[in-house]
Amino acid sequence: MIDLLAGLAFIITLYLYVARIVRWRKGALPLPPGPKRLPLVGNLFVMPKTLEWETYHQWSQELNTDVLHVDAAGTNIIVLDSYQAAVDLLEKRSSIYSGRPRLPMVNELMGWDWNFGFMDYGARSHRKIMHHSFHPSAAKQFLPHELKAARRLLRHILEEPVDLLSNLRHFSGEVILSTTYGLDIASKDDKYITLAKAGVDPVVPALNPGTYLVDVIPALKYVPDWVPGAGFKKTAKKCYLLAQAMKNSPFEAAKYDFENGTQKPSLCSASLRRLNHNISIEDQEDDIKSVAGTLFADSSMGAVATAIIALMNHPEVLKKAHEEIDKVIKPGKLPDFADEPSLPYITAIVKETMRWRPTAPLALPHLSLTDDVYRNYRIPKGSIILANAWAMLHDENIYPDPFAFKPERFLTEDGLGIRKDVKDPGFAFWGFGRRICPGRYMAASSLWITIASLIAAFNITKIPEPFQCSLKPRSKEIETQIRATALEE
Ligand code: HEM
């Protein structure tokens with residue numbers, strides 16, 4: 001059986017390889033430049049497994065191209081290394097470049113096919129649900145949730161300063177669970193947050209094309225679990241159960257609240273209220289579950305963690321930020337959204353955090369739906385398109401001295417405003433074209449209030465391993481104020 005499958009996989013790969021050579025001999029346009037390929041396997045053995053964006057950028061530079069071709073055993077990967085190339089393809093030709101690759105490991109074996117971030121662009125009913133709650137003015141309804149979550153994060157840090165990562169995870173789970181499902185979460189070891197972590201952690205590496213061989217040779221999904229080397233199927237089985245629980249369990253809790261009249265404003269309660277009773281309720285509920293579950297998997301934790309790392313390593317930036325806070329916010333008080341225009345240095349820190357270490361350095365992979373030609377290169381149908389947001393945000397023509405953490409680059413000379421002539425990192429941070437992050441308005445305001453609150457509340461310093469970072473209240477008054485925020489709830 002195994003021999004048969006391996007033989008079949010070999011014949012298919014050989015057929016694709018020969019077909020490619022025949023096409024090439026017929027005089028088709030060349031593929032974009034890429035690293036030297038081996039017969040059949042292409043670049044499979046040199047595909048980067050960590051910091052992929054850095055390797056892809058290095059290859060692009062060595063080959064002097066901003067459109068790079070990488071061959072993962074017959075799967076074409078096109079990496080866009082400049083903003084111009086990303087705009088030309090993902091935005092101006094969005095009808096071709098808005099698909100998502102179907103990775104057999106994630107979509108089928110791990111059971112994430114319900115996640116609308118991984119579906120083809122067509123899913124209109126899903127998009128409608130999302131747009132209704134998260135378009136720029138609708139997203140404002142969530143500002144109080146974001147403020148509450150930011151202040152709770154301060155209290156958690158005060159109570160358990162050592163466990164920073166779990167505090168941050170709790171914080172991002174809290175924002176999503178309240179805005180999406182209207183659920184309150186336990187102050188410690190919340191079951192939904194534990195579920196989201198267990199469900200999402202193994203999926204992140206699996207999204208990098210090439211991590212699992214089954215994405216390159218889909219026939220491997222039929223290999224029985226007991227075969228040596230089929231450990232990926234055991235991993236996938238565990239993930240499958242978690243993925244189903246992520247889709248169903250918080251939704252059932254939100255629906256229960258809705259049916260009992262105890263719901264809070266959220267994407268789920270708004271969508272359940274709008275159900276059309278002339279068409280299948282089950283289908284509509286399934287769409288809500290898919291959208292809500294997609295958001296449940298998202299996390300703003302990465303960006304807040306990056307800000308803390310940056311501030312810990314750049315005490316001069318933190319000092320300036322404290323000076324600005326002390327000029328604008330009364331002693332012992334915490335910032336609110338209304339303070340944003342008066343705190344340009346804090347806004348510059350948020351922008352520089354997004355630029356310096358973007359949370360999704362290669363955005364999410366797009367898929368090309370038809371054959372295309374760009375700058376006289378052939379981009380075959382079915383190519384995986386990766387936009388190298390990290391490379392764009394480190395382009396020294398846009399941001400001189402790109403590896404330094406310098407919030408000042410975004411400030412006007414007098415330090416009182418944000419420069420309009422320096423590109424906002426949002427141009428790449430949230431992805432591109434039709435698939436751009438629809439949660440960006442909410443995520444951006446949440447990021448701002450969280451970073452502003454952390455700076456106002458704490459001294460952030462580096463300490464030796466294992467904790468690395470210490471956050472201590474800046475004064476007795478601020479400590480009292482942080483504790484008092486519990487009474488505001
Ligand atoms: C700092 C936090 C966040 C970052 C860095 C981020 C970034 C991204 C990126 C890069 C993409 C892929 C874009 C592309 O394919 O070109 C994406 C997709 C998506 N994001 Fe976010 N996001 C964040 C927070 C959120 C939040 C809070 C929500 C929900 C409220 C959300 C909902 C989504 C959804 C549904 C998609 C899939 C869209 C599609 O496939 O069409 N994101 N996000």
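Ligands are counted one by one from 1 in listed order, and the atoms in each one are counted from 1 as well. The figures that follow rest on heavy atoms only: side chains count, while hydrogens, waters and symmetry mates do not. In this text, all values refer to a predicted model and were calculated from it rather than measured experimentally.
Those atoms of ligand 1 that come under 4.0 Å of a heavy atom in H366, given as number and element, are 14 (C), 15 (O), 16 (O). Taking every heavy atom of F429 and a limit of under 4.0 angstrom, the matching atoms of ligand 1 come to 5 (C), 10 (C).
By the 3.5 Å distance cut-off applied to N or O atoms, W430 is not counted among the residues near ligand 1. Where the criterion is an N or O separation shorter than 3.5 Å, residue side chain and backbone included, A363 fails it with respect to ligand 1. On a distance-only criterion, R435 and ligand 1 share at least one N/O pair closer than 3.5 Å. Backbone and side-chain nitrogen or oxygen atoms of T359 are examined, and none is located within less than 3.5 angstrom of a nitrogen or oxygen of ligand 1.
Between H366 and Y97, the ring center distance fails the sub-6.0 Å criterion. Checked against the 6.0 Å centroid threshold, Y192 and Y181 do not count as a close aromatic pair. Aromatic ring centres of W390 and H394: separated by under 6.0 Å.
Under a 4.0 Å heavy-atom criterion, R100 is in contact with ligand 1. Residue contact check for ligand 1: R127 places a non-hydrogen atom closer than 4.0 Å to it. Heavy atoms of L447 stay at 4.0 angstrom or farther from ligand 1.
Residue pairs meeting the salt bridge (charged side-chain N to carboxylate O under 4.0 Å, His left out) criterion with at least one member in residues 136-155, sequence neighbours excluded: R151-E488, R152-E174, R152-E489, R155-E489.
Counting heavy atoms from C-beta on, the side chains of F118 and W112 come closer than 4.5 Å.
Relative to atom 30 (C) of ligand 1, the option among Y121, F134, F142 with the closest non-hydrogen atom is F134. Of all the listed residues (G439, S290, P438), P438 holds the heavy atom that lies closest to atom 19 (C) of ligand 1.
Checked for salt-bridge contact, D371 and R378 miss the test: no charged N lies under 4.0 Å from a carboxylate O.
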